[in-house]
Visitor: 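Sending over a structure as structure tokens; questions will come in a sec.
The structure presented is a predicted model; accordingly, all values stated were derived computationally and were not measured. Values below: every heavy atom of this structure, side chains too, minus hydrogens, waters and symmetry copies.
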Amino acid sequence: MPDPLLPQPAVQPSSVTVNGLTLALAQTRETVSIGPFAKCLPDLDAALASTFGVTLPADFSTASGQDGLQLTRAAHHQWFAHAPAGAGLMARLAPICAGLAALTNQTDSRVTLCLRGTGADAVAAKLVPVDLTPDHFGPGSTALTLAGHIPVILSRPYGTPGLDFTVFRSFARSLHHDIHVAMKGGIPNSERV
């Protein structure tokens with residue numbers, strides 16, 4: 001009899017602390033990609049505002065609505081809706097977005113690594129080509145960028161010092177390693193010369 005496939009954490013250990021900085025795997029959230037159809041964005045925004053009290057952010061940022069819903073601009077004409085696990089996000093969005101947007105469940109395909117503590121920006125600056133100063137990348141800001149060689153959605157959460165790196169699950173272990181090395185004072189270097 002074959003072994004059953006059981007879900008495994010994207011990284012092990014799920015949390016590490018170095019010099020007061022913590023890198024941890026975020027709790028699983030339901031994530032749905034929203035891609036508005038041509039000329040449907042105003043109607044989609046109106047439907048989301050009516051149901052959740054929030055619209056899709058026009059700039060690269062994250063907006064919070066009712067019931068723990070968050071909307072993050074992830075790319076040109078692409079947003080992610082996030083909700084706590086068990087919220088039934090896809091079932092709630094499907095009737096609202098019918099005829100207005102394409103929806104894709106991304107819950108199993110992406111994970112978020114949270115870097116928390118004083119000095120998180122200095123560690124992240126070793127990996128990302130983004131100006132992380134508060135005037136340019138304040139709370140709620142989001143950037144589609146690279147962390148070393150890995151594509152990430154970088155965001156700054158509200159209310160806590162740190163950064164979130166949302167990444168394809170298959171890249172999570174590599175990104176975790178690179179951030180951990182940077183936390184210990186190094187700069188990831190996969191090619192020694």
Visitor: Would you give the length of the straight line joining atom CD1 of I150 to atom CG of L175, rounded to the nearest 0.5 angstrom?
Guide: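 Taking CD1 in I150 and CG in L175, the distance rounds to 4.5 Å.
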Visitor: Search all heavy atoms of Y158 against all heavy atoms of T62 and return the closest pair with its distance.
Guide: OH-O, 3.7 Å
Visitor: Spell out, as yes or no, whether a donor-acceptor pair under 3.5 Å connects the side chain of D67 to the backbone of L69.
Guide: no
Visitor: In terms of hydrophobic clusters joined by side-chain contacts under 4.5 Å, are I153 and L25 together?
Guide: no
Visitor: For the side chain of S50 and the backbone of A46, is there at least one donor-acceptor N/O pair under 3.5 Å apart?
Guide: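 The answer is no, because no donor-acceptor pair under 3.5 Å joins these two groups.
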Visitor: Hey, what do you get for CG (L100) to CG (L93), rounding to the nearest 0.5 Å?
Guide: 11.5 Å
Visitor: Would I34 and L44 satisfy side-chain contact (heavy atoms from CB on, under 4.5 Å), going step by step from the backbone distance to the final call?
Guide: CA-CA 10 Å; I34 301 173; L44 178 59; 3.9 Å; yes
Visitor: Take a 6.0 Å sphere around CZ of F168 and say whether it holds more than 12 heavy atoms from other residues, nucleotides or ligands.
Guide: no
Visitor: Given the rule in the side-chain contact (heavy atoms from CB on, under 4.5 Å) test, do R73 and L144 qualify, once you have shown the distances and angles that lead to the verdict?
Guide: CA-CA 9 Å; R73 179 133 187 216; L144 185 63; over 6 Å; no
Visitor: Give the C-alpha distance, both sets of side-chain angles, the deciding distance and a yes or no for side-chain hydrogen bond (donor to acceptor under 3.5 Å, both in side chains) between T133 and D131.
Guide: CA-CA 6 Å; T133 58; D131 181 353; 2.8 Å; yes
Visitor: Would you say R110 and V167 make side-chain contact, with heavy atoms under 4.5 Å?
Guide: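 Heavy-atom side-chain distance check fails, nothing below 4.5 Å.
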Visitor: For L89 and A81, which heavy atoms make the closest approach, and how far apart are they?
Guide: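 L89 and A81 have their closest heavy atoms at CD2-O, 3.3 Å.
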Visitor: Rounded at 0.5 Å granularity, tell me how far CD in Q70 sits from OG1 in T31.
Guide: 10.0 Å
Visitor: Determine, step by step, whether L103 and S33 satisfy the side-chain contact (heavy atoms from CB on, under 4.5 Å) criterion, reporting the C-alpha distance in whole Å, the side-chain angles of both residues, the deciding distance to 0.1 Å, and the verdict.
Guide: CA-CA 6 Å; L103 302 177; S33 172; over 6 Å; no
Visitor: Quick one: do V123 and V11 end up in the same hydrophobic cluster if we chain Ile, Leu, Val, Met, Phe, Trp and Tyr together by side-chain heavy atoms under 4.5 Å apart?
Guide: yes
Visitor: Sub-3.5 Å donor-acceptor pair from the side chain of S109 to the main-chain atoms of Q106, do we have one?
Guide: yes
Visitor: Would you call the rings of F80 and H82 parallel, tilted or perpendicular if under 30° counts as parallel and over 60° as perpendicular?
Guide: perpendicular
Visitor: Find the distance between NE2 (H149) and OG (S174) and round it off to the nearest 0.5 Å.
Guide: 4.0 Å
Visitor: Rounded to the nearest 0.5 Å, what separates atom CG in L154 from atom CG in L146?
Guide: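 Reported to 0.5 Å precision, the distance equals 11.0 Å.
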Visitor: Which heavy-atom pair separates T142 from S155 by the least distance, and what is that distance?
Guide: OG1-CB, 3.8 Å
Visitor: Would you say CD of Q27 has more than 12 non-hydrogen atoms from neighbouring residues, nucleotides or ligands within 6.0 angstrom?
Guide: no
Visitor: Please report the shortest heavy-atom distance between L71 and P57, naming the atom on each side.
Guide: O-CG, 3.5 Å
Visitor: Find out whether T166 and V111 are in side-chain contact, i.e. whether some heavy atom of one side chain is under 4.5 Å from a heavy atom of the other.
Guide: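 Heavy-atom side-chain distance check fails, nothing below 4.5 Å.
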Visitor: Let's go through D121 and K126 carefully: what are the C-alpha distance in whole Å and the side-chain angles of both, what is the deciding distance for salt bridge (Lys or Arg N to Asp or Glu O under 4.0 Å) to 0.1 Å, and is it a yes or a no?
Guide: CA-CA 9 Å; D121 287 5; K126 296 178 182 183; over 6 Å; no
Visitor: Do we see a donor-acceptor contact under 3.5 Å between the side chains of T107 and N105?
Guide: yes
Visitor: Crowded around D59 CG? As in, over 12 foreign heavy atoms under 6.0 Å?
Guide: yes
Visitor: At their closest point, which heavy atom of A85 faces which heavy atom of T28, and how far apart are they?
Guide: CB-O, 3.6 Å
Visitor: Checking side-chain hydrogen bond (donor to acceptor under 3.5 Å, both in side chains) for the pair T22/T17: CA distance, chi angles, key distance, verdict?
Guide: CA-CA 4 Å; T22 300; T17 301; 3.2 Å; yes
Visitor: Taking the side chain as every heavy atom from C-beta outward, state whether D108 and R169 have any pair of such atoms under 4.5 Å apart.
Guide: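 Not in contact.
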Visitor: State, to 0.1 Å, how close M90 and T104 come at their nearest heavy-atom pair, and which atoms those are.
Guide: CE-C, 3.8 Å
Visitor: Output the distance between atom OG1 (T55) and atom CG (D45), rounded to the nearest 0.5 Å.
Guide: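 That separation rounds to 4.5 Å.
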Visitor: What about F60 and W79, same hydrophobic cluster or not, with Ile/Leu/Val/Met/Phe/Trp/Tyr joined at side-chain heavy-atom distances under 4.5 Å?
Guide: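 Per the 4.5 Å side-chain linkage, F60 and W79 are not co-clustered.
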Visitor: Is R156 positioned over the aromatic face of F137, cation under 6.0 angstrom from the ring centre and no more than 45 degrees off axis?
Guide: no
Visitor: Are I96 and V54 connected in a single hydrophobic cluster, I mean Ile/Leu/Val/Met/Phe/Trp/Tyr linked by side-chain heavy atoms less than 4.5 Å apart?
Guide: yes
Visitor: Can you hop from F171 to V16 via hydrophobic side chains spaced under 4.5 Å?
Guide: yes
Visitor: Would you check, one step at a time, whether the test side-chain contact (heavy atoms from CB on, under 4.5 Å) holds for R116 with L21?
Guide: CA-CA 6 Å; R116 297 290 185 266; L21 284 170; over 6 Å; no
